[in-house]
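Please read these numbers as outputs of a predicted model, since none were measured by experiment.
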Amino acid sequence: MRRARSAVAVLAALLATPVLAMPAVAAPEPPAPLFVDGQAQPVFDPADVVRESLWVTAPVDSDHDGVDDLVHVEIVRPRATEQGMKVPVVYQASPYYAGGNPIENHNVDVELHVPDGKPGPKLARPGLAGPNAAPITWSYEKYFTARGFAVVYGESLGSGQSTGCPTTGGQNETIGARSVIDWLNGRAPARDAAGARVTAGWTTGKVGMMGVSYNGTLPNAVATTGVRGLETIVPIAAISSWYDYYRADGAVVAPGTYQGEDLDVLAEYVYTRKDQEICKPVIAELTAKQDRVTGDFSQFWDERDYLKDVGNVRASVLAVHGLNDWNVKMTNVAQWYDALKKQGVEHKIWLHQSGHADPRSLRPTEWMITLNKWMSHYLYGVDNGIQNEPKLTIQREDKSWTDEADWPAPSAAQATLYPGAGGVTSGGLTIWRPDRRVVESLTDDATKLADTLANAATSPNRLTYLTRPASTSLRISGKGGVYLRTSFDRPAANLTALLVDRAPDGKTDIITRGWTDPQNRANISRTDRIQPGKSYDLRVDLVPDDYVLPAGHQLGLVVLSSDNEFTLRPAPGTGVSIDLKSSNLTLPVVGGLAALKTAVG
């Protein structure tokens, strides 16, 4: 019988036997996005995603409870990120995901403030109103996740499942929104509902912020912090200065269709966190400091002015706005865009003929191509040339679209028109200054709509001045102003100017408008009492616009005092006088004075 070999002998024999080397098996490559013609393609299933919920710690304690605020974050990322694919982020911060509260706007039927005096009595009960809440879901989510981007939602402080307090543009809201970008780049902590630490190893750290209205304003705010990782922003119908949203040159002015809304009202609306007591003192402080009495600019408003920090912006900016947006007026995008250009920030602007809207509902194919190229370039580094394309895409009055070098039109130059006698019916508006002094007067009546006054054949409550019918079309591009030598018979008054288009059939449409408080004539931060009967040289800045006056139409200036839909509404009766010889309308006309002379001279 053969004797069994010992275990040691067997092992020695195996070690002595040559082993054939097996070829190495390469690890599978992670999935990757696909780009065609510079655009990310829908190669991922938008239904096959990873969803996460977590809370990012923000370095601010805005509810004063002794601990840092927490920002609730929802993440939606392609399943491919579980297989090693790293993706950039499209991030929308919002105070609206949890809806809003019933709110009561401020009463606007009040007498105007007089220094060393008291506000007048309320003349009417305030009504219920409030800004539209954005939907909890976002129409862009599936679009981006299908193309290899993660979508991140951040609830603004004081709203939904975040802690902290809403302050309508205050620094704490900016810090809260910024902290999400810090977390995505490993600079801030986050935990899930069980308290476990969560990191973002699935992302490249490159972020693009985007949204409409308040959701578009937060990208502006965060960009001014210069936070690293924020590569681009797409602010749509966004605010650049909250003062210019709720005030105008010292006047208390409402966002369109929300007469009586203010910072505190909006904060109350979005205050949807579970604890409904802790932020009441913070909102009460907003009510006191916003100052609806004088309308003066202050340190409180300076905190909410992003223009002063535009030098910190590193992210590229694709700004979008409606030429007929009277909620967030064109003033906000015009001054923001101009400041960005001066700082050398990479920029592009889309202007459309609708109001407070997302361009996806207006020109979906072309808009989505631009947006895709923009995000692909700035978040994935695709060399698609989007940064070299024309800076302006604009929709004209006939709903056609065109691309141009930039906005305002580079060939626009200021040109001046002068009013002539006859404003109670309709005086002239010409390129010639009057050769004699003419003083015309109106009586304030805040109960009448500006549109009604502009269309009235005659009225004691406004003054109207019209050019002759235009022989050719005339384009206005940018910001104009009305200069008025004015006197008042009371120590406080509103002053409103309208730029109008009168059609051959007599119908008058308001092109743009502007407001000022004469008590802030020297400084928007200081109220100086009006001396009745004394003349003051005042400027009313018109909200910037881009408008083509058709041939055969008349360009017009309408001057009134209170604007029913926007300003405070004192009792009727204030008298306003205008010295026409020392007054004018100056507009940014494409082609300048020569074009103005050709059309209406």
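- For the residue pair S477/D546, the side-chain donor-acceptor check at 3.5 Å is satisfied.
- Counting only residues at least two apart or on different chains, the ring pair (Phe, Tyr, Trp, His ring centres under 6.0 Å) pairs with a member in residues 361-390 are F35-Y380, F149-Y380, W350-W367, W374-Y378.
- The main-chain N or O of A221 is never found under 3.5 Å from a side-chain atom of T225 such that the two would form a donor-acceptor pair.
- Looking at T496 and N494, their side chains never bring a donor and an acceptor atom within 3.5 Å of each other.
- Considering only residues two or more places apart in sequence or on other chains, D309 meets the salt bridge (Lys or Arg N to Asp or Glu O under 4.0 Å) condition with none of them.
- Shown here are the salt bridge (Lys or Arg N to Asp or Glu O under 4.0 Å) partners of E440, two or more places apart in sequence or in another chain: there are none.
- Judged by distance alone, the side chains of D296 and S525 never bring a donor and an acceptor atom under 3.5 Å apart.
- Between H553 atom NE2 and R502 atom CZ the span is 12.0 Å, to the nearest 0.5 Å.
- For the residue pair L362 and S354, the shortest heavy atom distance occurs at CD2-OG, 3.1 Å.
- In this view, E389 and K373 satisfy the salt bridge (Lys or Arg N to Asp or Glu O under 4.0 Å) rule, not counting sequence neighbours.
- For D244 and K329, the salt-bridge test fails: no basic side-chain N is under 4.0 Å from an acidic carboxylate O.
- At least one side-chain heavy atom of L499 sits less than 4.5 Å from a side-chain heavy atom of I476.
- In this structure a side-chain-to-backbone donor-acceptor pair under 3.5 Å is missing from R396 to T402.
- The shortest heavy-atom contact between V540 and A497 is CG1-CB, 4.0 Å.
- Residues Y91 and A177 share a closest heavy-atom pair of OH-O, 2.8 Å.
- Nearest heavy-atom pair, A357 versus H352, reported as atom, atom and distance to 0.1 Å: O-NE2, 3.6 Å.
- At least one donor-acceptor pair closer than 3.5 Å links the side chain of D505 to the backbone N or O of K507.
- A distance of 9.0 Å separates CD1 of I510 from CG of L453, quoted to the nearest 0.5 Å.
- Within the 4.5 Å cutoff, the side chain of T516 has no heavy atoms near those of the D541 side chain.
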Derivation and outcome, side-chain contact (heavy atoms from CB on, under 4.5 Å), residues Y243 and R304: CA-CA 7 Å; Y243 184 85; R304 293 160 174 80; over 6 Å; no
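- Under the 4.5 Å side-chain criterion, counting only non-hydrogen atoms from C-beta, P550 is in contact with D501.
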side-chain contact (heavy atoms from CB on, under 4.5 Å) assessment of N220 paired with I239: CA-CA 8 Å; N220 284 349; I239 294 166; 5.9 Å; no
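- Not a single donor-acceptor pair under 3.5 Å links the side chain of R513 to the backbone N or O of D563.
- Looking only at distances, a side-chain donor or acceptor of E173 sits under 3.5 Å from a matching main-chain atom of T168.
- Side chain of R569 to backbone of N564: a donor-acceptor contact under 3.5 angstrom is found.
- More than 12 heavy atoms of other residues, nucleotides or ligands shown are found within 6.0 angstrom of CG on D398.
- Among pairs with a residue in residues 505-548, those fulfilling ring pair (Phe, Tyr, Trp, His ring centres under 6.0 Å) read W515-F566, at least two apart in sequence or across chains.
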Intermediate values then yes/no, side-chain contact (heavy atoms from CB on, under 4.5 Å), L442 and N461: CA-CA 5 Å; L442 63 93; N461 308 124; 5.9 Å; no
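- One distance of note links NE2 of H356 with CD1 of I236; it measures 10.5 Å at 0.5 Å rounding.
- Looking at every heavy atom in both residues, P518 comes nearest to L538 through CB-CD1, 3.9 Å.
- One side chain, S376 or N372, offers a donor N or O that lies under 3.5 Å from an acceptor on the other.
- T370 places none of its side-chain heavy atoms less than 4.5 Å from the side chain of E366.
- A distance of 12.0 Å separates CZ of R433 from CG of L580, quoted to the nearest 0.5 Å.
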side-chain contact (heavy atoms from CB on, under 4.5 Å) assessment of I349 paired with K391: CA-CA 6 Å; I349 189 168; K391 301 302 183 186; 5.6 Å; no
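- In summary, of the residues considered (N327, T331, N332), a side-chain hydrogen bond (donor to acceptor under 3.5 Å, both in side chains) with Y245 occurs for N327 alone.
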Criterion salt bridge (charged side-chain N to carboxylate O under 4.0 Å, His left out) on R247 and D262, from CA distance to verdict: CA-CA 9 Å; R247 304 287 183 270; D262 215 320; 3.0 Å; yes
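- At distances below 3.5 Å, at least one donor-acceptor pair connects side-chain atoms of T512 with backbone N or O atoms of V543.
- Note that NZ of K206 is 12.5 Å distant from CG of L230, once rounded to the nearest 0.5 Å.
- Partner of T464 under the side-chain contact (heavy atoms from CB on, under 4.5 Å) criterion, out of T458, V424, L429, V558: V558 alone.
- Take R485 and apply the salt bridge (Lys or Arg N to Asp or Glu O under 4.0 Å) test, not counting sequence neighbours, and it matches D537.
- Looking only at side-chain heavy atoms (C-beta outward), L417 and L557 stay at 4.5 Å or farther from each other.
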Audit row: W242, Y214, ring-ring contact (aromatic ring centres under 6.0 Å, His included) steps and yes/no: CA-CA 11 Å; W242 285 90; Y214 209 145; 5.3 Å; yes
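- Side-chain atoms of Q353 come within 3.5 Å of backbone atoms of Q395 as a donor-acceptor pair (strictly under, hydrogens ignored).
- A 4.5 Å side-chain heavy-atom check between M330 and D325 finds every atom pair outside the cut-off.
- Here the closest non-hydrogen pair linking A223 and I233 is CB-CD1, 3.9 Å.
- K308 contributes a side-chain N or O that, together with a main-chain N or O of D302, makes up a donor-acceptor pair within less than 3.5 Å.
- Using a 4.5 Å heavy-atom cutoff, the side chains of L542 and I511 are not in contact.
- A donor-acceptor pair shorter than 3.5 Å can be found between the side chains of D444 and S562.
- Using a 4.5 Å cut-off on side-chain heavy atoms (C-beta onward), Y140 and Q92 make no contact.
- No donor-acceptor contact under 3.5 angstrom links the side chains of S213 and N215, judged on distance only.
- Taken from OH in Y143 to CZ in R360, the straight-line distance is 8.0 Å, to the nearest 0.5 Å.
- A donor-acceptor pair under 3.5 Å is formed between the side chain of Q414 and the backbone N or O of K479.
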